[in-house]
Amino acid sequence: MTTRMRAVSQRSYGGPKVLELVETGLPTPGPGEALVRVYAAGVNPADWKIRSGMVRKFGAPPFTLGLDLCGVVEAVGEQVTRFRPGDEVYGCAFPPHGTYAEYVVAPVEALAAVPASIDHVHAAALPVAALTAWQPLVRVAAVGTGQRVLIHAAAGGIGHLAVQIAKTRGAYVIGTAQESKHAFLRDLGADELIDYTTTDFAAVARDIDVVLDPISGDYGPRSLDTLTPGGILIDVRGTGPDRIAVREQAKARGLRFVEFGFTPSGADLESITNLVERGSLRVAVDQVLPLEDAAKAHELSETNHVKGKIVLTP
């Protein structure tokens with residue numbers, strides 16, 4: 001096996017142009033880790049937030065970005081029995097050794113076997129967005145039959161998966177999206193759609209049990225107006241200084257407000273795999289780009305108009 005690989009690195013915080021393709025050595029898996037040859041890497045809004053310095057939880061550059069991966073196990077560290085070389089896996093890894101690379105080391109508890117019914121590109125598009133949709137709807141809100149669920153940015157990476165997951169739970173699903181994406185969302189099972197460019201969702205959405213919000217900003221307080229007594233607003237954006245005020249408003253009105261960040265989980269990915277294999281969950285891929293076009297992928301992602309996900313292929 002080769003000892004060198006290509007990766008997308010950055011030496012400073014900044015715009016997409018700080019990303020550069022470099023050659024570096026292969027990482028070595030430690031206890032509980034697997035070395036994965038990356039076939040495809042999903043692009044998430046979290047990636048450009050880390051790149052720009054908006055999120056600094058992974059330390060200062062230099063580092064390699066990327067959270068989503070699909071690939072094949074090349075080697076495993078000590079105490080690993082769940083996977084062996086040759087197994088195809090998908091899941092999560094983290095900067096400073098992220099997934100925008102030809103090889104990556106990932107904790108095995110953050111990996112699952114690739115769904116047999118989809119290709120590597122679509123598998124790589126799933127982990128972060130699917131976990132960010134599945135965990136709050138299932139583990140936090142426990143969405144069930146007959147509940148009314150409002151999903152903002154419903155055509156986005158998280159949103160279009162959340163629409164399908166809520167439907168599998170028996171919910172009535174309302175989504176906010178531009179009219180041009182309504183047909184796409186109806187095909188995924190959305191019951192009702194609101195074009196946020198022409199209609200104030202807070203004026204028309206009523207008796208909502210659960211709101212899933214990947215936008216934040218003024219969407220938070222406006223979403224509170226749509227909730228039924230005891231309803232819950234789940235903010236999955238991951239950043240924003242306005243959350244304290246929203247939390248206080250929710251508490252004063254007898255509503256719940258949750259700030260949610262996904263937890264890497266191979267077990268939860270197996271639940272997502274089951275939905276994929278049943279035909280109840282499919283991920284949309286907007287564009288597939290080569291690894292060297294990571295900057296272009298970030299530019300597209302930052303428009304907030306991507307339908308589904310962007311994927312990089314080494």
Quiz item: On the ring face of F257, is K251 found with NZ or CZ under 6.0 Å from the centre and within 45° of the axis?
Solution: no
Quiz prompt | Inter-residue atom distance R282.CZ - D187.CG, 0.5 Å rounding | solution = 4.5 Å
Exercise. Return yes if a side-chain donor-acceptor contact under 3.5 Å exists between K309 and N44, otherwise no.
Key: yes
Self-check item: Residue pair L35 / L26, side-chain heavy-atom distance below 4.5 Å
Solution: yes
Quiz item: Between T2 and Y103, do the side chains contain an N or O donor and an N or O acceptor separated by less than 3.5 Å?
Solution: no
Self-check item: Cluster link V210 to W134, ILVMFWY, side chain under 4.5 Å
Solution: yes
Quiz prompt | Interatomic distance, E248 atom CD to R253 atom CZ [nearest 0.5 angstrom] | solution = 13.5 Å
Quiz prompt | CG-CG distance between D47 and D68, expressed to the nearest 0.5 angstrom | solution = 7.5 Å
Exercise. Spell out, yes or no, whether F83 and V36 are grouped together once hydrophobic residues are joined by side-chain heavy atoms under 4.5 Å, including indirect joins.
Key: yes
Quiz item: Considering residues, nucleotides and ligands other than R206, do more than 12 of their heavy atoms fall under 6.0 Å from its CZ?
Solution: yes
Quiz item: Side-chain contact, heavy-atom cut-off 4.5 Å: T24 with M5?
Solution: yes
Quiz item: Which residue pairs pass the ring pair (Phe, Tyr, Trp, His ring centres under 6.0 Å) test when at least one of the two sits in residues 14-65, sequence neighbours left out?
Solution: Y39-H120
Quiz item: Going by heavy atoms in the side chains, are H97 and T64 under 4.5 Å from each other?
Solution: no
Quiz prompt | Intermediate values then yes/no, side-chain contact (heavy atoms from CB on, under 4.5 Å), L21 and L291 | solution = CA-CA 8 Å; L21 193 65; L291 192 63; 4.0 Å; yes
All N/O donor-acceptor pairs, side-chain side in residues 170-180, below 3.5 Å, sequence neighbours left out:
from: Y172; atom 1: OH; to: E192; atom 2: OE1; distance (Å): 2.9
from: T176; atom 1: OG1; to: H152; atom 2: ND1; distance (Å): 3.2
from: T176; atom 1: OG1; to: A153; atom 2: N; distance (Å): 3.2

Exercise. Indicate yes or no for a side-chain donor-acceptor contact from H160 to the backbone of G156 under 3.5 Å, with no hydrogens or angles considered.
Key: yes
Quiz item: When you check the side-chain N and O atoms of D235 and Y219, is any donor under 3.5 Å from an acceptor?
Solution: no
Quiz item: Rounded to the nearest 0.5 Å, how far does CG of D286 lie from NE2 of H305?
Solution: 12.0 Å
Quiz item: Is the backbone of A297 close enough, under 3.5 Å, to the side chain of S301 for a donor and an acceptor to pair up by distance?
Solution: no
Practice problem: Find the distance between OG (S271) and CD (Q135) and round it off to the nearest 0.5 Å. | Solution: 10.0 Å
Practice problem: Using the side-chain contact (heavy atoms from CB on, under 4.5 Å) rule, take L111 and D87 through it: C-alpha gap first, then chi angles, then the decisive distance, then the call. | Solution: CA-CA 11 Å; L111 301 174; D87 288 345; over 6 Å; no
Self-check item: Close side-chain approach of D213 to V236, heavy-atom, < 4.5 Å
Solution: no
Practice problem: Starting at OH of Y13, measure out to CZ of R51 and round the result to the nearest 0.5 Å. | Solution: 12.0 Å
Exercise. Mind checking salt bridge (Lys or Arg N to Asp or Glu O under 4.0 Å) for R139 and listing every partner two or more places apart, or none if nothing turns up?
Key: D268
Quiz item: If Ile, Leu, Val, Met, Phe, Trp and Tyr residues are connected whenever their side-chain heavy atoms lie under 4.5 Å apart, and connections chain through other members, are I215 and L233 in the same group?
Solution: yes
Exercise. State whether the side chain of R169 and the backbone N or O of A142 hold a donor-acceptor pair below 3.5 Å, judged by distance alone.
Key: no
Practice problem: Examine L161 and V285 and state if one hydrophobic cluster contains both, with Ile, Leu, Val, Met, Phe, Trp and Tyr joined whenever side-chain heavy atoms are less than 4.5 Å apart. | Solution: no
Quiz prompt | 4.5 Å side-chain heavy-atom contact, E277 and P115 | solution = yes
Quiz item: Taking atom types as modelled, is there a side-chain donor on E20 or S9 under 3.5 Å from an acceptor on the other?
Solution: no
Quiz item: Do the side chains of F262 and P127 get nearer than 4.5 Å, heavy atoms only?
Solution: no
Quiz item: Taking the side chain as C-beta and beyond, is there a heavy-atom pair between D209 and V143 under 4.5 Å?
Solution: no
Quiz item: Could you walk me through whether T168 and L281 pass the side-chain contact (heavy atoms from CB on, under 4.5 Å) check?
Solution: CA-CA 9 Å; T168 68; L281 183 68; over 6 Å; no
Quiz item: More than 12 foreign heavy atoms under 6.0 Å from NZ of K307: is that the case here?
Solution: no
Exercise. Considering only NZ, NE, NH1 and NH2 on the basic side and carboxylate oxygens on the acidic side, decide whether R186 and D191 come within less than 4.0 Å.
Key: no
Self-check item: Stepwise side-chain contact (heavy atoms from CB on, under 4.5 Å) check, Y100 with V43
Solution: CA-CA 9 Å; Y100 291 9; V43 176; 3.7 Å; yes
Quiz prompt | Heavy-atom donor-acceptor pair, R56 side chain to G53 backbone, under 3.5 Å | solution = yes
Exercise. Please confirm whether the backbone N or O of Y196 pairs with a side-chain atom of T199, one donor and one acceptor, at under 3.5 Å?
Key: no
Exercise. For the pair E102 (side chain) and R6 (backbone), establish whether a donor and an acceptor sit closer than 3.5 Å, ignoring hydrogens and angles.
Key: yes
Quiz item: Can you name the one residue among H298, K296, E292 that meets side chain to side chain contact (heavy atoms under 4.5 Å, CB included) with L19?
Solution: H298
